[in-house]
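For reference, the structure discussed in these notes is given below.
Scope of the values below: all heavy atoms of this structure, side chains included, with no hydrogens, waters or symmetry mates. Since this is a predicted model, take the numbers as computed values, not measurements.
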Protein chains: 2
Amino acid sequence: MNISDVAERSGVPPKTIRYYEEIGFIKPDRRPNGYRDFDETDLHKLAFIGRARSLGFTIEDCRTLLELYNDKTRASADVKRVARHNLQEIDAKIADLQTMRATLSHLIDQCAGDDRPDCPILDNLEQAPIRR
Amino acid sequence: MNISDVAERSGVPPKTIRYYEEIGFIKPDRRPNGYRDFDETDLHKLAFIGRARSLGFTIEDCRTLLELYNDKTRASADVKRVARHNLQEIDAKIADLQTMRATLSHLIDQCAGDDRPDCPILDNLEQAPIRR
DNA sequence: CCTTGACCTTCCAGTTGCTGGAACCCTTAT
DNA sequence: ATAAGGGTTCCAGCAACTGGAAGGTCAAGG
């Protein structure tokens, strides 16, 4: 299979596939003309990584998951642990954004939004940043 | 004021302050020995940018906000517009993360998390990625 | 006067996860 | 023969810093 076929079928763009080869996720064969030749296993792996990425797993998470995926004797508990960790990170990001949202939304409500120059948003931004 | 003083008082690390100078946010004086010499205005601007960043404004947003901040005749409506746009982006990110969270959380619930190798999480990851 | 340590400086590289573009080769159809 | 549409490599760049190396400066202590 050529790269554009596997891109279409896996949903991962060619550029990204080359990148995933570069970082060692897949090792497709090469034809005599230098073209990459993908098999069904490559296809599965790419779809797997693509889906994991779209669920917010980092590249390093994917590396771990891919090992577990390749190891047919792994315990589901190991996978669950990685997934739980990812879920925690997602929750932390959501909480962070919701805090931001509350503050900003409050500021927007306070601002008249007219032609006058006085603006509570700018006034508030003069405070020290929120440390994290 | 030296860089570490202004870093402490503004809450923005020295490295980041140098970076902000590089991209033109501030233009502190220089002493004969080459050290940067910050005044109160620099301090205010740095705190302003730091706080805006912590509220999810991008660097480009900050550039716009800084102009509005410097322009004492600006209309508060202009500031409000930038802030509203930022709020929309934050909402979009939250929605995205919540979708991820729901899918992942569902998968985790489905997974026994024991010593056996069968795992609904891995099975599901084999599906095509979520396109966006 | 010398040393020590805490500052400060610049510059280069790395982070994350790709993405765009240039320059070039290969294949297939007309 | 040629043109379109594959494929290849390599280099650069995005955001927004952050770390580290190599070196200059300053104030205090022995």
Side-chain angles (χ1 to χ4, degrees), chain A residues 1-38 42 45-46 48-66 86 89-90 93 96 100 129-132, chain B residues 1-38 42 45-46 48-66 86 89-90 93 96 100 129-132:
Chain A
M1 235 184 305
N2 273 349
I3 198 163
S4 60
D5 303 320
V6 81
E8 175 132 1
R9 290 182 58 192
S10 69
V12 178
K15 277 276 188 190
T16 308
I17 295 176
R18 293 196 190 97
Y19 172 69
Y20 286 163
E21 183 189 22
E22 197 183 315
I23 62 173
F25 279 172
I26 46 165
K27 290 168 185 58
D29 281 352
R30 293 292 179 137
R31 277 197 262 269
N33 63 9
Y35 284 24
R36 287 171 184 81
D37 190 8
F38 299 86
D42 296 323
K45 283 191 190 175
L46 285 170
F48 181 93
I49 300 162
R51 173 123 174 112
R53 294 282 307 121
S54 71
L55 283 174
F57 288 93
T58 66
I59 289 288
E60 279 318 298
D61 286 338
C62 288
R63 214 179 281 282
T64 308
L65 288 172
L66 213 48
N86 181 215
E89 306 242 303
I90 291 172
K93 280 181 202 156
D96 236 39
M100 271 189 218
I130 299 160
R131 292 286 89 199
R132 263 180 297 211
Chain B
M1 236 186 304
N2 273 349
I3 198 163
S4 60
D5 303 320
V6 81
E8 176 132 0
R9 291 182 58 193
S10 69
V12 178
K15 277 275 187 190
T16 308
I17 295 175
R18 294 196 190 97
Y19 172 69
Y20 286 163
E21 184 190 21
E22 198 183 313
I23 63 173
F25 278 171
I26 48 166
K27 290 169 184 56
D29 280 351
R30 293 292 181 137
R31 276 198 264 268
N33 64 10
Y35 285 24
R36 288 171 183 81
D37 190 7
F38 299 86
D42 295 324
K45 282 191 192 175
L46 285 170
F48 180 92
I49 299 161
R51 173 122 175 113
R53 294 282 306 118
S54 71
L55 283 175
F57 288 93
T58 67
I59 288 289
E60 278 318 295
D61 285 338
C62 289
R63 215 180 281 282
T64 307
L65 288 171
L66 213 48
N86 181 215
E89 306 242 304
I90 291 172
K93 279 181 202 155
D96 234 38
M100 269 189 218
I130 299 160
R131 293 285 87 200
R132 264 182 298 212

Find the distance [X]:[atom1] to [N]:[atom2] and express it as a whole number of Å.
X: A/Lys15; N: D/dC11; atom1: NZ; atom2: P; result: 13 Å
X: A/Asp37; N: D/dT8; atom1: CG; atom2: P; result: 10 Å
X: B/Ile49; N: D/dA16; atom1: CD1; atom2: C1'; result: 13 Å
X: B/Glu21; N: D/dT18; atom1: CD; atom2: C1'; result: 17 Å
X: B/Phe25; N: D/dA15; atom1: CZ; atom2: P; result: 11 Å
X: B/Arg31; N: C/dT9; atom1: CZ; atom2: P; result: 9 Å
X: A/Arg18; N: C/dA22; atom1: CZ; atom2: C1'; result: 14 Å
X: A/Asn2; N: D/dG5; atom1: CG; atom2: P; result: 16 Å

### Test: B/Arg18 and B/Glu21 ion pair at under 4.0 Å
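No, this pair does not count.
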Hey, is the side chain of [X] poking within less than 4.0 Å of OP1 or OP2 on [N], counting only N and O atoms?
X: B/Arg30; N: C/dT10; result: yes
X: A/Thr16; N: C/dT19; result: yes
X: B/Tyr35; N: D/dC26; result: no
X: A/Arg53; N: C/dC18; result: yes
X: A/Asn33; N: C/dT27; result: yes
X: B/Ser4; N: C/dC8; result: yes
X: B/Arg36; N: C/dT9; result: yes
X: B/Tyr19; N: D/dA15; result: no

### Task
Five pairs at each end of the helix from C/dC1-D/dG30 to C/dT30-D/dA1: take the axis at both ends and give me the angle between them to 10°.
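Its terminal axes enclose an angle near 40°.
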### Message
If you only use heavy atoms from C-beta on, which nucleotide in C/dG21, C/dC11, C/dC18 is closest to the side chain of A/Tyr20?
### Response
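Comparing C/dG21, C/dC11, C/dC18 against the side chain of A/Tyr20, the answer is C/dC18.
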[atom2] on [Y] to [atom1] on [X], rounded to 0.5 Å:
X: A/Ile26; Y: A/Lys45; atom1: CD1; atom2: NZ; value: 8.5 Å
X: B/Asp29; Y: B/Arg36; atom1: CG; atom2: CZ; value: 12.0 Å
X: B/Ile59; Y: B/Ile23; atom1: CD1; atom2: CD1; value: 4.5 Å

### Query
Are B/Phe57 and B/Thr64 close enough that some pair of their side-chain heavy atoms sits under 4.5 Å apart?
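No, every pair of side-chain atoms sits at 4.5 Å or beyond.
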### Query
Any side-chain heavy atom of B/Val12 within less than 4.5 Å of one from B/Ile49?
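No, their side chains stay 4.5 Å or more apart.
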### Query
Considering all heavy atoms of both residues, which atom of B/Ile17 and which atom of B/Ala7 are nearest to each other, and what is their separation?
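Scanning both residues completely, I find the closest heavy atoms to be CD1-CA, 3.7 Å.
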### Query
NA contact type, B/Ile23, heavy-atom cut-off 4.0 Å: base, sugar-phosphate, or nothing?
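Nothing, no nucleic acid heavy atom in range.
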### Task
Assess whether side-chain contact (heavy atoms from CB on, under 4.5 Å) is satisfied between A/Leu46 and A/Arg9, documenting all intermediate values.
CA-CA 9 Å; A/Leu46 285 170; A/Arg9 290 182 58 192; over 6 Å; no
